[in-house]
Each structure stands twice: as structure tokens, then as C-alpha cells.
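Working notes, structure below.
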There are 2 protein chains.
Amino acid sequence: MTSSLSPAAPSPAGPSRRELNKAATRQAITDAALSLLRSRGPGSFTVEDIADAAGISRRTFFNYFSSTDAALASVTHGFLDNAIQQFRLRPAEEPILLSAQAALMALADPMTVAPLAELFTLTQQSALMAHSELEAWDHCREQITAVARERAAGTPGADDELYLRALAGSVISCGKAAMEVWFARRGADLSPASLAELRQLLIDAMALLGSGFTAVQPPSPSRSDSRSS
Amino acid sequence: MTSSLSPAAPSPAGPSRRELNKAATRQAITDAALSLLRSRGPGSFTVEDIADAAGISRRTFFNYFSSTDAALASVTHGFLDNAIQQFRLRPAEEPILLSAQAALMALADPMTVAPLAELFTLTQQSALMAHSELEAWDHCREQITAVARERAAGTPGADDELYLRALAGSVISCGKAAMEVWFARRGADLSPASLAELRQLLIDAMALLGSGFTAVQPPSPSRSDSRSS
DNA sequence: TCACACCCTTACACTATGTGCAAGTTTGCA
DNA sequence: TGCAAACTTGCACATAGTGTAAGGGTGTGA
């Protein structure tokens with residue numbers, strides 16, 4: 001774990017050696033966990049297996065993650081933290097649903113989605129959505145609530161907790177629903193056509209939410225037209 | 001655990017002795033768990049403590065629940081199963097949001113809400129929503145999805161998975177949001193006024209969802225008016 | 001360059017979780 | 001009554017998760 005390169009840190013005052021080491025260890029752990037998930041399937045390897053594969057002690061594993069579940073869920077966490085970051089970048093005046101849609105669009109690229117897609121397929125498409133997986137989504141929900149709350153400080157009508165929480169929760173649920181449907185339809189297919197379908201599903205989901213789920217009865221051709229690429 | 005009453009089962013062909021015993025044991029476990037939660041606070045008692053308090057062996061505990069968390073979450077599970085039951089009773093033609101609202105109304109009575117309210121307050125108002133707690137809500141989401149799917153078999157427009165999952169997830173999120181806000185405002189207050197507020201919050205939450213969260217800008221007096229009893 | 005303080009890793013010990021198994025007990029049924 | 005199925009229990013064991021103290025790498029100031 002201790003790469004002894006030239007001791008001088010480069011001039012661009014980046015993260016310190018300690019931070020780099022920690023990040024590398026963290027990455028080594030999740031890589032090892034994913035590798036074991038690929039080779040043995042879910043639930044058939046232990047913390048010690050991961051620690052051995054990552055070249056660290058069992059105790060150190062627990063300094064980074066509280067369980068094998070949590071190590072795997074770091075993939076989801078990374079994805080969703082990314083989403084939050086994109087979400088924060090949106091202008092404060094923009095309607096929240098549009099911000100969410102835009103943030104999600106920014107994530108529908110192969111590099112970002114690939115780890116999550118693989119995780120989903122390897123864990124049997126959310127058959128038994130792991131505990132930590134649910135926690136990751138819930139954590140994201142809280143983040144969105146917080147951002148919405150900040151924005152609402154200026155907006156007169158959107159100031160109550162019910163509105164904020166209900167909206168944030170619904171956004172998360174719809175985003176999750178879109179990804180689940182996509183995984184169910186396409187598996188780990190990351191082709192441009194498949195990613196276009198994912199984007200369309202995310203747009204459709206946000207549209208459903210924005211319309212109060214009333215756009216059902218009329219079979220309007222502009223609704224969920226995701227099947228035709 | 002073995003109450004030796006008259007061996008003859010009563011004529012009203014109710015549940016068998018075995019089922020009664022199992023139900024009693026299950027209840028004894030959750031009672032013991034709740035009691036320990038009250039007296040010691042969350043995270044400060046073990047499975048063995050619960051088993052001792054319930055008068056069963058540690059091994060038997062695990063025949064009923066997979067963790068202390070799960071034992072406590074049975075409260076939430078009971079509440080939500082009740083909700084699903086009410087939900088199923090609604091006519092199939094009724095819009096899902098109305099069905100959800102009606103089902104939730106039926107649960108806003110003291111006897112039904114009390115256990116959940118106590119659990120919430122004892123676990124610091126969802127500060128660290130336990131793993132199993134999240135699972136309970138997720139399970140309920142799946143149930144609602146299933147019911148909606150059955151209904152959609154007849155309806156032409158609502159047949160796709162995205163619609164079903166997004167809607168069910170949003171309904172759950174909004175219901176959860178309403179309860180969270182209520183707990184935050186009222187704690188374990190079960191007075192008629194408090195329960196009326198809960199009902200209003202649930203109605204408001206479903207209304208928000210039904211309107212696509214657009215009823216924000218105009219400060220219409222009919223919106224979230226829950227503060228005035 | 002050295003020395004010191006700090007952070008991180010690790011081994012060890014220990015409690016708690018969760019499960020398989022086999023024996024004992026209760027319940028259902030003929 | 002007697003048997004079969006279901007339930008409980010004790011035991012053993014692998015794994016999870018945490019406190020602690022010792023050792024090694026890292027930042028910093030003299």
C-alpha cells in the first residue's frame with residue numbers, strides 16, 4: 001500500500017499524501033469487493049476475503065466501511081453524490097423538477113453509469129436491494145431536501161417541510177424507478193441507444209411527476225415513447 | 001410460553017393452536033424489544049436481552065426475526081401491511097392517489113398510529129432510520145406497485161412499468177413525508193387535534209403529488225393549511 | 001536533517017450476530 | 001393412542017464489529 005515515489009509533492013497544491021493514500025485504499029477496497037462480487041456472486045464472500053484481496057488487514061477494512069454491503073454501496077453512493085453535485089450547480093430559480101432532470105441527464109453517460117449498472121446486474125437487479133443500497137438512496141433524498149430547503153428560503157410558497165420532503169422523496173423515487181426500468185429492459189447494455197433510452201426514461205419519469213401522474217388516460221404519442229430509440 | 005388451557009379449540013374455526021402460539025411468541029418478542037427500547041434506548045441491548053425478556057431462547061428469536069432491528073421494524077411493518085390491506089379494499093376504478101389517500105385516512109386513528117409514533121420518538125425521530133425500517137417502507141412500495149399493476153391490467157394508459165413504479169414510489173415518499181412532518185411537529189401527541197393534523201398532512205401530501213407539485217407559487221389559502229386545526 | 005507529534009495500520013482480544021444441526025417437546029390428525 | 005409434522009432449544013461454529021495498544025508512515029518546525 002505504501003508507494004514510495006519521489007517525496008516532493010507536485011507544485012499544484014493537491015491533496016496530501018495521506019489523503020491520496022486513503023483514497024487509494026478506499027478504491028482498492030471497493031475494487032476488491034466488486035471483483036469478488038463478479039467472481040463469486042453476492043453473499044458468498046466475507047470481509048476478510050475483501051481485505052485479503054485489497055492487501056489490507058480486516059481491521060483496516062472496518063476503518064473504511066462498516067460492512068461488505070457498505071463497501072459495495074459505495075458505488076451507488078459515488079453515483080448519487082455525483083448527482084447531488086450536478087443538482088447543486090443548477091440555477092436557484094429553476095424549477096426543482098427541471099434541475100433534477102438536468103442533473104440526471106448529466107449522469108447518463110457510459111463512464112458514470114457503468115459501475116452502477118454492473119452493480120445492479122450483479123446483485124440480480126434489485127432482487128434483494130441491499131440495506132446499504134437503500135441507505136444510499138435515502139441519503140441522496142436528504143441531500144436533495146437540503147438543497148431544496150436552501151432554495152426555498154427565497155421562494156415564498158415552497159417554504160414548508162411537507163412540500164420539501166414530499167418533493168425530494170418523489171424525485172428520488174421517480175429517478176430510481178427510471179433506472180430500475182432501464183436495468184430491467186437493457187441489463188448492463190451501455191450502447192448509445194440504450195443510454196438514450198435511459199435519458200428518455202428519466203425525462204418521462206420527471207414529466208409524470210410534474211403532471212401529477214394524470215397523463216395516463218389519453219394515449220398521447222409524446223408520452224413514454226422510449227421503446228422507439 | 002406454553003399456556004395449557006382447555007385443549008379443545010373453540011367452535012369458531014379460528015386459527016389453530018400453533019398459529020396462536022406463534023403469533024403470541026412474535027408479539028412477546030416485539031413487546032420485549034419495545035420495552036427494552038424504552039428503558040435503555042436504541043442500540044444498547046442485544047438479541048439475548050430481548051430473548052430473555054420474552055422468555056424464549058436466543059435461537060428462537062432468530063426463528064422469528066433476523067435482527068433486533070427487524071424485531072422493532074415489525075411495528076412499522078404491521079402499520080404498513082395494514083395500509084396495504086386498506087388500499088386493496090378500494091374499488092379498482094378509483095384513481096390510485098385517491099385510493100392511497102383513503103387508505104391512509106383509515107389508519108389515522110389512535111390505536112393504529114400509536115405504536116409507530118412511539119417507535120419514531122424512541123429512535124430519535126428518524127435520526128438514524130434503521131436499516132429494517134427503510135426495508136419496511138420499500139416492501140410497502142413493492143406491494144403498492146403490485147396492486148397498481150393488477151389494476152392497470154384493465155386500464156389502457158397505465159400499463160408501463162415506469163408509470164407504476166414511479167407512482168408507487170412517489171406515493172410512499174409522500175406518505176412518509178407527511179408522517180415525518182407530523183412526528184416532527186407533534187411528537188407522540190395522539191390527541192384528536194393532532195390526528196386531524198396528520199390527516200390533513202396526508203391529504204396535502206397526496207394533493208401535492210396529484211398536482212405535480214405546481215401549487216407553489218400562488219399562496220392559495222386551500223393549500224397546506226394544516227396549522228390551523 | 002533531525003526530532004517530535006499526529007495519523008493510519010495492524011494484531012489481538014472480546015462480545016455479538018447469524019446459521020446448521022440434532023435432540024427434545026408440542027400440536028394436529030387419524 | 002400413536003404417529004408425523006412443526007416448533008423450540010442447546011450447542012457449535014463461522015463471521016461481524018469494536019476497543020485498545022503498539023508500530024510505522026507522514027507532516028512540520030527547529
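Naming convention: chains lettered A, B, ... in sequence-line order (proteins, then strands); numbering from 1 in each chain. Just so we're clear, the structure is a prediction, and the values are computed from it rather than from any experiment.
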Exercise. Record whether the side chain of R17(B) comes under 3.5 Å of the base of dA6(D) through a donor-acceptor pair of N or O atoms.
Key: no

Quiz item: Taking the six-membered ring of F87(B), is NZ or CZ of R151(B) closer than 6.0 Å to its centre and within 45° of its axis?
Solution: yes

Would you mind reading off the distance between [X] atom [atom1] and [N] atom [atom2], rounded to a whole angstrom?
X: L72(A); N: dA16(D); atom1: CG; atom2: P; result: 12 Å
X: I56(B); N: dG10(D); atom1: CD1; atom2: P; result: 11 Å
X: N21(A); N: dG24(D); atom1: CG; atom2: C1'; result: 12 Å
X: L20(B); N: dC7(D); atom1: CG; atom2: C1'; result: 14 Å
X: R26(B); N: dC7(D); atom1: CZ; atom2: P; result: 12 Å
X: R18(B); N: dC7(D); atom1: CZ; atom2: P; result: 6 Å
X: I29(B); N: dC7(D); atom1: CD1; atom2: C1'; result: 12 Å
X: N63(A); N: dA11(C); atom1: CG; atom2: C1'; result: 13 Å

Quiz item: Between V75(B) and L116(B), which heavy-atom pair has the shortest distance, and what is it?
Solution: CG1-N, 3.8 Å

Quiz item: Does D52(B) have any side-chain contact (heavy atoms from CB on, under 4.5 Å) partners at least two apart in sequence or in another chain, and if so, which?
Solution: E48(B)

Are there any protein N/O atoms within less than 3.5 Å of an N/O atom in nucleotides 14-18 of chain C, and if so, which ones and at what distance?
residue	atom	partner	partner atom	Å
dT17(C)	OP1	V47(B)	N	3.4
dT17(C)	OP2	V47(B)	N	3.4
dG18(C)	OP2	S66(B)	O	2.7
dG18(C)	O5'	S66(B)	O	3.3
dG18(C)	N7	R58(B)	NH1	3.3
dG18(C)	N7	R58(B)	NH2	3.3
dG18(C)	O6	R58(B)	NH2	2.9

Practice problem: Using only side-chain N and O atoms of Y64(B), determine if any of them is under 4.0 Å from OP1 or OP2 of dT8(D). | Solution: yes

Please tabulate, one pair per line, all N/O donor-acceptor pairs under 3.5 Å involving side-chain atoms of residues 100-113 of chain A, not counting sequence neighbours.
residue	atom	partner	partner atom	Å
D109(A)	OD1	T112(A)	OG1	2.5
D109(A)	OD2	M111(A)	N	3.3
D109(A)	OD2	T112(A)	OG1	3.4

Quiz prompt | Spacing of CD1 belonging to I96(A) relative to OG belonging to S170(A), to within rounding of 0.5 Å | solution = 11.5 Å

Quiz item: With under 30° as parallel and over 60° as perpendicular, where do the rings of H77(B) and H139(B) fit, or are they tilted in between?
Solution: tilted

Self-check item: Exercise: do D81(B) and Q85(B) side chains pair donor with acceptor under 3.5 Å
Solution: no

Exercise. Would you indicate which nucleotide in dT26(D), dT9(D), dT20(D) comes nearest to any side-chain atom of S57(B)?
Key: dT9(D)

